[in-house]
Protein chains: 2
Amino acid sequence: MPSRLIVSRELADLFRQLAHADRLRLIEELRHGEKDVTTLGLALSLPTSRVSQHLALLRAHRLVEERRDGRNHFYRLAQPFIADWILQALPLVDIRARLEEAEHIDAARALWSAPAPNSSH
Amino acid sequence: MPSRLIVSRELADLFRQLAHADRLRLIEELRHGEKDVTTLGLALSLPTSRVSQHLALLRAHRLVEERRDGRNHFYRLAQPFIADWILQALPLVDIRARLEEAEHIDAARALWSAPAPNSSH
DNA sequence: TGCATACATGCACATTCTTGCAAATTTCAG
DNA sequence: CTGAAATTTGCAAGAATGTGCATGTATGCA
């Protein structure tokens, strides 16, 4: 019974969904609660159509859930701990990058860990 | 200063390397210590050339390190905790898959968590 | 009903990955 | 030096993804 193979495929599939900067930012953006598509688009400076496509992917993989209110669609993390889990990977990023941009990592950790920053670049 | 954007790109890059079943299996295979290419190939039923290619990728991203001894190249995890971190993602895999193959996940967790199983499928 | 807002979808094109094999390299044994 | 073992590399073809835009759909409001 190829349990290991099957599970590794499931995991690989999950990682594939997370292998995109925009989607990671969306997840972190939802870290502190639900937001609608337009808000997310403004926060990440992305066209809503793109945001919508990403969210559709994340939703298909049960990473986010949707709630409709009028003409707004609010999205939230299906399993909030994913945001923390992702941040735990920071020490794993390429060592060169870490040395060169250690500041960025610390800054990002601070930003993403903050209560709810008003998006800053 | 686009710290968040930069870091999200670094992370996405990391996830991309992990978005492949074979590479995940290689990492879990190295969980308990270094192994050489041929051994890994036999364990995963993959041609050594493929294993070598995957390892080259993982090495380029500083996820594994190499040690040469004679004509054997031994690989090991650069940061062992990655194996545990990956397993922490199991609860995140698609719910349908979880319901249908919960057994596999439990089985896999057991297998991968075991001291050093002699590879079983 | 008619129009604007908020999202979702469908497509075509470009780019990146994966894969299987053949061809190099490096090292050890005789 | 010669050949085999252990690995790495180079390629080409096919599969997946990402991207920009145009089009569709649903909802709120006058």
Side-chain angles (χ1 to χ4, degrees), chain A residues 5-6 8-27 29-30 33-76 78 94, chain B residues 5-6 8-27 29-30 33-76 78 94:
Chain A
L5 212 176
I6 292 177
S8 62
R9 278 203 231 283
E10 295 283 350
L11 281 174
D13 204 46
L14 167 65
F15 282 120
R16 210 173 300 122
Q17 305 315 314
L18 300 178
H20 192 296
D22 292 344
R23 290 196 288 274
L24 288 179
R25 291 204 292 160
L26 282 173
I27 291 175
E29 204 63 39
L30 295 177
E34 66 176 21
K35 291 187 177 174
D36 67 294
V37 182
T38 299
T39 300
L40 290 170
L42 288 175
L44 308 193
S45 298
L46 293 175
T48 62
S49 68
R50 184 91 57 81
V51 173
S52 181
Q53 290 177 315
H54 285 315
L55 289 173
L57 264 185
L58 295 178
R59 188 163 56 130
H61 286 265
R62 306 286 197 281
L63 296 181
V64 300
E65 294 173 341
E66 184 201 34
R67 175 178 75 81
R68 303 190 178 194
D69 179 27
R71 40 186 164 183
N72 298 309
H73 295 199
F74 292 90
Y75 285 86
R76 61 174 177 285
D94 192 305
Chain B
L5 212 177
I6 291 178
S8 62
R9 276 204 234 283
E10 294 283 351
L11 281 174
D13 202 48
L14 166 66
F15 282 120
R16 207 173 304 121
Q17 305 316 125
L18 301 178
H20 192 296
D22 291 344
R23 290 196 288 274
L24 287 179
R25 290 204 293 159
L26 282 173
I27 290 176
E29 203 63 41
L30 295 177
E34 63 176 22
K35 290 187 178 175
D36 67 294
V37 182
T38 300
T39 299
L40 290 170
L42 288 175
L44 307 193
S45 298
L46 293 175
T48 62
S49 69
R50 182 92 58 80
V51 173
S52 181
Q53 291 178 316
H54 284 316
L55 290 173
L57 264 185
L58 295 178
R59 187 162 57 131
H61 287 264
R62 306 284 197 283
L63 297 181
V64 301
E65 295 174 339
E66 185 201 33
R67 174 178 76 82
R68 303 191 179 194
D69 180 28
R71 39 188 163 183
N72 299 309
H73 295 198
F74 291 90
Y75 284 87
R76 62 175 177 285
D94 191 306

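Proteins come first, then strands; the chains are lettered A, B, ... in the order of their sequence lines, and each starts at number 1. Bear in mind the structure is a predicted one, so any value in this text is a computation, not a measurement.
- Not counting sequence neighbours, the partners of B:Ala21 by the side-chain contact (heavy atoms from CB on, under 4.5 Å) test are A:Ser8, A:Arg9, A:Ala12.
- Residues meeting the side chain to side chain donor-acceptor pair (under 3.5 Å) test with B:Asp13, sequence neighbours left out: B:Arg16, B:His61.
- If you take CG of B:Leu58 and P of C:dT18, they are 11 Å apart, rounded to a whole angstrom.
- The CZ atom of B:Arg16 sits 12 Å away from the P atom of D:dT17 (whole-angstrom rounding).
- The interatomic distance linking A:Lys35 (NZ) with C:dC7 (P) rounds to 14 Å, in whole Å.
- Protein atom CG of B:Leu57 is 11 Å distant from nucleotide atom P of C:dT19, rounded to whole Å.
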At under 4.0 Å between heavy atoms, how does the protein contact nucleotides 5-14 of chain D? Give one character per nucleotide, 5' to 3', with B, S or -.
BSBBBB----

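- When the P atom of D:dA16 is taken as reference, atom CZ of A:Arg9 falls 13 Å away, rounded to whole Å.
- Remark: B:Arg67 engages B:Glu34, B:Asp69, B:Phe74, B:Arg76 in a side-chain contact (heavy atoms from CB on, under 4.5 Å) (not counting sequence neighbours).
- Regarding A:Phe15, its CZ atom lies at a distance of 16 Å from the P atom of D:dT17, rounded to whole Å.
- In this view, A:His54 and A:His20, A:Asp22, A:Arg23, A:Leu26, A:Arg50 satisfy the side-chain contact (heavy atoms from CB on, under 4.5 Å) rule, not counting sequence neighbours.
- Partners of A:Thr38 under the side-chain contact (heavy atoms from CB on, under 4.5 Å) rule, at least two apart in sequence or in another chain, are A:Asp36, A:Leu42, A:Thr48.
- Rounded to whole Å, the distance from CG on A:Asp13 to P on C:dC17 is 17 Å.
- Atom CD in A:Glu34 sits about 12 Å away from atom P in C:dC7, given to the nearest Å.
- Ranked by how close their nearest DNA chain D nucleotide is to the 5' end, A:Asp69 and A:Asp22 are led by A:Asp22.
- The CG atom of B:Leu46 sits 11.0 Å away from atom CD of B:Gln53, with the distance rounded to the nearest 0.5 Å.
- Remark: B:His54 is not in phosphate contact with C:dC17, judged by side-chain N or O atoms under 4.0 Å from OP1 or OP2.
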